[in-house]
Amino acid sequence: MLRGLYYKFSQGGTIIMSIILSKEQAEMLGKWRDFYWDMEFNNVVPFWQKNSPDPEYGGFLTWVNRDGSLISGDKSVWFQGRGAWIFSHLYNTVKQDPQWLAIADSGIDFMEKHCFDKDGRMFFIVTRDGKPLRKRRYMFSETFAVVAMAENALAHKDERKLKRAMEIFDAVVRRYYTPDETTPPKGVGDTRPLKGHAMPMILLVTARILRNAASNFAGYEEFCAKAGTMITGFATEVVRDFYRPEFKCLIENVTPDGKFVDEPVGRIVNPGHAIETSWFLMDEARETGNEELKKNALAILEGSLAIGWDKEYGGMMSFVDCKGYPVEPLEHDMKMWWPHNETLIATLTAFLVTNDNKWFDWHKKAFDYTMSHFPDKEFGEWYGYLHRDGTPSTQIKGSMWKGPFHIPRCLIKCATVIDEIMKEAK
């Protein structure tokens, strides 16, 4: 047996966490870590490094076929930020590869030149050369711009980019709490106003990344303290308003004051989204020593796996109803790449913070399903969309929604968490 892993949190004192591993667990963790690193740097990152950067106009192309060939030049604004974050993050955490930083810089430059509207909001889709095609009321383009700017600022030690990230973030938070004409309500009038889990969830992780970047610059202590308070507020809102103990799951939509809506829109559960939230919360709990937050994060994870895992075919369902009724989205039983990414991260993180073998077992179950169904052994990278039985629904490797983000983030995160587990357990 191996013992002795402990963590010192940056806030809230020191929490000692002992990890006990069997010989078999230690060996399996080592194999998983090597697998994740190998797939990251000999498969997934090279696929996107070759096929995503636009040599003509800059930025990221993501509409690609199975072999990486281009299907469309239209550009997802989300992925200008997501791609720039990934390659900046690799530069900051793995090695200072100038090619990675140049790719990230290209995404930042394209985003700044072409992706902001005159009202300060961002577009959702632009043409290959940057002409606007579509704009949405949702502010996810902006949050991905924030994390990209913050991570890139850290790579360059560029305070201008950090301040720009803070400026965009402040505008998003202001519009979230006080919507204006640029963020109209989705519904009509006050008949059934709703708020979604997605915004406080994405603001939570955006604020964490921005705080981390700012903490590496002198003179931002006050901002970091303020960001910490905001993160606590977003985490509180997620758990208080969207986690439903009576159903043991986290739902996607509630009334503005956090009340349950017993209609299909109010009963919808997106298990992958809830699981992603769970590891965001666990990471914050680890850094702050917040045991109550950790407890709630684990409850969200456990409930999401119970309701979302397909007991017949394996893998994570896309949508379910918290009361077990049929759901409206036609893709409800499709197996998508990203919920499996989040499940791999969350189950491994849960094992890290609890040393409970059930999370180790869940990680093995998720790993075995994911790696036997999603990776494309011929052309590299992963299929994104599977039928319920696990066969590919489409050959595309990228789109407005899939590109260099979820998979590379998952692989590096899982490998890093395993390194944390095994650092002292030798």
Side-chain angles (χ1 to χ4, degrees), residues 28-53 60 62 64 68 78-79 81-97 99-101 103-104 144 147-148 151 205 209 272 275-276 278-280 282-283 315-316 335-352 359-360 362-386 397-398 401-423:
M28 189 169 289
L29 284 166
K31 290 179 180 178
W32 283 338
R33 178 189 56 197
D34 293 346
F35 180 92
Y36 288 132
W37 281 113
D38 179 69
M39 179 162 279
E40 177 84 328
F41 297 111
N42 294 315
N43 185 320
V44 172
V45 170
F47 180 92
W48 290 112
Q49 189 167 343
K50 176 183 177 182
N51 298 310
S52 192
F60 293 89
T62 56
V64 296
W78 285 19
F79 270 103
R82 284 173 159 186
W85 179 82
I86 279 290
F87 282 97
S88 296
H89 185 66
L90 292 175
Y91 180 89
N92 288 333
T93 60
V94 178
K95 65 176 180 179
Q96 294 187 345
D97 185 330
Q99 293 184 43
W100 288 346
L101 190 57
I103 292 170
F144 295 129
V147 298
E151 199 75 25
V205 71
I209 293 171
I275 289 170
E276 185 177 14
S278 77
W279 72 260
F280 291 169
M282 277 187 273
D283 277 359
M316 293 300 302
K335 310 296 170 56
M336 298 187 190
W337 82 105
W338 67 268
H340 296 79
N341 294 152
E342 308 311 333
T343 301
L344 290 170
I345 297 171
T347 52
L348 204 54
T349 304
F351 180 67
L352 167 65
W359 300 121
F360 187 96
W362 260 115
H363 187 77
K364 183 179 185 306
K365 182 187 290 190
F367 179 92
D368 290 346
Y369 179 88
T370 301
M371 300 310 169
S372 63
H373 288 84
F374 285 98
D376 181 348
K377 295 179 176 58
E378 183 176 357
F379 290 103
E381 231 273 342
W382 293 19
Y383 298 109
Y385 305 89
L386 310 180
K397 289 290 176 59
W401 314 99
K402 184 178 182 293
F405 183 65
H406 283 102
I407 300 172
R409 181 179 72 168
C410 168
L411 297 171
I412 193 171
K413 179 72 173 176
C414 285
T416 302
V417 172
I418 292 172
D419 279 341
E420 291 185 70
I421 293 172
M422 299 185 71
K423 183 171 61 176

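None of the values given here were measured: they were computed from a predicted structure.
- Between Trp401 and Phe79, the gap from one ring centroid to the other reaches at least 6.0 Å.
- Between Phe60 and Ile103, some side-chain heavy-atom pair lies under the 4.5 Å cut-off.
- Relative to the ring axis of Tyr383, Lys397 places its NZ or CZ within 45° and under 6.0 Å from the centre.
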May I have the step-by-step check of side chain to side chain contact (heavy atoms under 4.5 Å, CB included) for Ile275 and Met316, ending in yes or no?
CA-CA 10 Å; Ile275 289 170; Met316 293 300 302; 3.6 Å; yes
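- A distance-only check finds no donor-acceptor pair linking the side chain of Asp38 to the backbone of Asp34 [under 3.5 Å].
- Heavy atoms only, all atoms of each residue included: Thr62 and Pro404 are closest at CG2-CD, 3.9 Å.
- Put simply, the side chain of Asp368 reaches to within 4.5 Å of the side chain of Lys364, judged on heavy atoms.
- Between Trp32 and Phe360, the gap from one ring centroid to the other is short of 6.0 Å.
- Atom CZ of Phe351 is separated from atom NE2 of His363 by 10.5 Å, given to the nearest 0.5 angstrom.
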Side chain to side chain contact (heavy atoms under 4.5 Å, CB included) between Val94 and Trp37, worked out
CA-CA 11 Å; Val94 178; Trp37 281 113; 4.2 Å; yes
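- Between Gln99 and Gln49, the closest side-chain pair of non-hydrogen atoms falls below 4.5 Å.
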Give the table of side-chain donor-acceptor pairs shorter than 3.5 Å for residues 83-92, with sequence neighbours excluded, one pair per line with atom names and distance.
| residue | atom | partner | partner atom | Å |
| --- | --- | --- | --- | --- |
| Trp85 | NE1 | Glu151 | OE1 | 3.3 |
| Ser88 | OG | Ala84 | O | 2.7 |
| Ser88 | OG | Asn152 | ND2 | 3.1 |
| His89 | ND1 | Glu151 | OE2 | 3.2 |
| Asn92 | OD1 | Ala155 | N | 3.4 |
| Asn92 | ND2 | Ser88 | O | 3.3 |
| Asn92 | ND2 | Glu151 | O | 3.0 |
| Asn92 | ND2 | Glu151 | OE2 | 3.1 |

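- Ion pairing between a basic and an acidic side chain is recognised when a charged N comes within 4.0 Å of a carboxylate O; Lys413 and Glu40 show no such pairing.
- Gly272 approaches Pro339 most closely through the heavy-atom pair CA-CB, 3.7 Å.
- A heavy-atom distance below 4.5 Å is not found between the side chains of Trp78 and Phe405.
- To the nearest 0.5 Å, the span separating CD1 on Ile418 from CG on Leu29 amounts to 5.5 Å.
- Side-chain contact between Glu381 and Asp376 is absent, with no heavy atoms from C-beta onward closer than 4.5 Å.
- We find the OG1-CD1 distance between Thr416 and Ile421 to be 11.0 Å, quoted to the nearest 0.5 Å.
- For Phe374 and His340, the ring centers are positioned less than 6.0 Å apart.
- Expressed to the nearest 0.5 Å, how far CD of Glu342 lies from CZ of Phe280 amounts to 6.5 Å.
- The backbone N or O of Tyr369 lies less than 3.5 Å from a partner atom in the side chain of Ser372, making a donor-acceptor pair.
- Rounding to the nearest 0.5 Å gives a distance of 5.0 Å between CG of Leu344 and SG of Cys414.
- Taking the side chain as every heavy atom from C-beta outward, Asn341 and Ile407 approach each other to under 4.5 Å.
- The CD1 atom of Ile345 sits 4.5 Å away from atom CH2 of Trp279, with the distance rounded to the nearest 0.5 Å.
- Side-chain atoms of Arg33 and Asp419, non-hydrogen and from C-beta on, do get closer than 4.5 Å to each other.
- Cation-pi geometry between Lys402 and Trp382 is not met at under 6.0 angstrom from the ring centre and within 45 degrees of the axis.
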